Amino acid sequence: MDKQEILDSRYLRMAQIWAENSYCKRRQVGALIVKDKMIISDGYNGTPVGFENVCEDENDRTKPYVLHAEANAITKVAQSNNSSNGATLYVTSSPCIECAKLIIQAGIKRVVFGEIYRLTDGIELMKRAGIDCVQIEE
């Protein structure tokens with residue numbers, strides 16, 4: 001295992017720990033944005049600021065306004081003085097198509113993920129945009 005693979009594995013494990021902050025019952029997802037070996041942003045799936053921390057409705061379906069971990073990390077970096085241009089996103093589940101669009105627009109050049117989300121159109125879109133997509137199964 002080379003140095004980059006070791007770092008990728010460590011950052012992905014950190015994203016898995018960060019996912020534990022999520023109040024979502026169905027699936028907890030964590031994300032980290034790393035640039036120049038520094039974590040510049042983080043996120044986990046959940047409701048917007050000021051909303052109750054309940055992600056599912058009475059039928060156990062995810063509420064439509066729940067933010068994905070990647071979207072939270074990207075919007076958080078947008079509020080900071082950091083730039084995600086050229087950064088790597090570590091996320092515990094592969095991005096959906098909506099998050100893939102945000103990743104492309106944020107200038108992220110690499111995405112390292114754990115499990116594959118049920119839809120793979122996000123991965124396909126990122127690859128089409130020239131983003132390096134790496135799956136690490138742990």
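Basis for what follows: all heavy atoms, side chains included, without hydrogens, waters or symmetry-related copies. What you see is a predicted model; the values in this text were computed from it and never measured. If you read the sequence from its start, that first residue is 1, and numbering goes on from there.
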**Item:** From CA spacing to verdict: side chain to side chain contact (heavy atoms under 4.5 Å, CB included), K35, S83
**Value:** CA-CA 9 Å; K35 187 173 178 180; S83 167; 3.9 Å; yes

**In one Ile/Leu/Val/Met/Phe/Trp/Tyr side-chain cluster, 4.5 Å: L12, I33** = no

**Within 6.0 Å of CG in N59, more than 12 heavy atoms from elsewhere** = yes

**Item:** Distance-minimising heavy-atom pair for A71 and C99
**Value:** N-SG, 4.2 Å

**Prompt:** Hey, is the main chain of I74 close enough, under 3.5 Å, to the side chain of S41 for a donor-acceptor pair?
**Reply:** no

**Message:** Apply salt bridge (Lys or Arg N to Asp or Glu O under 4.0 Å) to residues K127 and E124 and explain how you reach the verdict.
**Reply:** CA-CA 5 Å; K127 285 181 178 176; E124 292 157 23; over 6 Å; no

**Item:** For the student: nearest non-hydrogen atoms of Y65 and P48, plus distance
**Value:** O-CD, 3.5 Å

**Request:** Give the intermediate values and the outcome of side chain to side chain contact (heavy atoms under 4.5 Å, CB included) for residues R13 and Y90.
**Result:** CA-CA 9 Å; R13 282 200 315 270; Y90 294 89; over 6 Å; no

**Request:** State yes or no: do I108 and I104 share one hydrophobic cluster built from I, L, V, M, F, W and Y residues joined by side-chain heavy-atom distances below 4.5 Å, directly or via other members?
**Result:** yes

**Message:** For I123, is there any backbone N or O sitting under 3.5 Å from a side-chain donor or acceptor partner on Y117?
**Reply:** no

**Request:** Return the set of residues passing side chain to side chain donor-acceptor pair (under 3.5 Å) with E5 (not counting sequence neighbours), or none when no residue passes.
**Result:** none

**Request:** Starting at CZ of R118, measure out to CZ of R27 and round the result to the nearest 0.5 Å.
**Result:** 8.0 Å

**Atom pair CG (N21) and CD (Q28), whose distance is rounded to the nearest 0.5 Å** = 8.5 Å

**Request:** For T92 and G30, indicate whether the former's side chain and the latter's backbone hold a donor-acceptor pair under 3.5 Å.
**Result:** yes

**Message:** Does any part of the side chain of K63, heavy atoms only, come nearer than 4.5 Å to the side chain of V54, both counted from C-beta?
**Reply:** yes

**For I103 against P95, the heavy-atom pair lying closest together** = CD1-CG, 3.7 Å

**Item:** Heavy-atom closest contact (A15 atom, L32 atom, distance)
**Value:** N-CD1, 3.9 Å

**Asked** Can you hop from L89 to I97 via hydrophobic side chains spaced under 4.5 Å?
**Response** yes

**Request:** Using modelled atom types only, decide if a donor and an acceptor are shared between the side chain of D36 and the backbone of M38 within a distance under 3.5 Å.
**Result:** no

**Prompt:** For the hydrophobic clusters of this structure (ILVMFWY residues joined by side-chain heavy atoms under 4.5 Å, transitively), does one cluster hold both I116 and L125?
**Reply:** yes

**Message:** To the nearest 0.5 Å, what is the distance between OG1 on T47 and CD on E52?
**Reply:** 6.0 Å

**Prompt:** Is the closest side-chain donor-acceptor distance between N72 and Y44 under 3.5 Å?
**Reply:** no

**Prompt:** More than 12 foreign heavy atoms under 6.0 Å from CD of Q135: is that the case here?
**Reply:** yes

**Nearest-0.5 Å distance that lies between atom CG in L102 and atom CD in Q105** = 8.5 Å

**Prompt:** Going from CE on M126 to OG1 on T120, what distance comes out if it is rounded to the nearest 0.5 angstrom?
**Reply:** 10.5 Å

**Request:** Evaluate whether atom NZ of K25 has more than 12 neighbouring non-hydrogen atoms of other residues, nucleotides or ligands under 6.0 angstrom away.
**Result:** no

**Request:** List the atom of A106, the atom of S84, and the distance in Å for their closest heavy-atom pair.
**Result:** O-OG, 2.7 Å

**Prompt:** Does any non-hydrogen side-chain atom of I39 lie less than 4.5 Å from one of M14?
**Reply:** yes

**Prompt:** Would I131 end up clustered with I40 when hydrophobic side chains under 4.5 Å apart are linked, directly or stepwise?
**Reply:** yes

**Item:** Derivation and outcome, side chain to side chain contact (heavy atoms under 4.5 Å, CB included), residues N45 and C55
**Value:** CA-CA 9 Å; N45 57 326; C55 298; 5.7 Å; no

**Item:** Test side chain to side chain contact (heavy atoms under 4.5 Å, CB included) applied to V111 and E70, step by step
**Value:** CA-CA 10 Å; V111 175; E70 308 93 311; over 6 Å; no

**Prompt:** Roughly how far, to the nearest 0.5 Å, is OG of S93 from CD of Q16?
**Reply:** 11.0 Å

**Item:** E56 side-chain N/O to R26 backbone N/O, donor-acceptor pair under 3.5 Å
**Value:** yes

**Asked** Side chains of L119 and C96: closer than 4.5 Å at any heavy-atom pair?
**Response** no

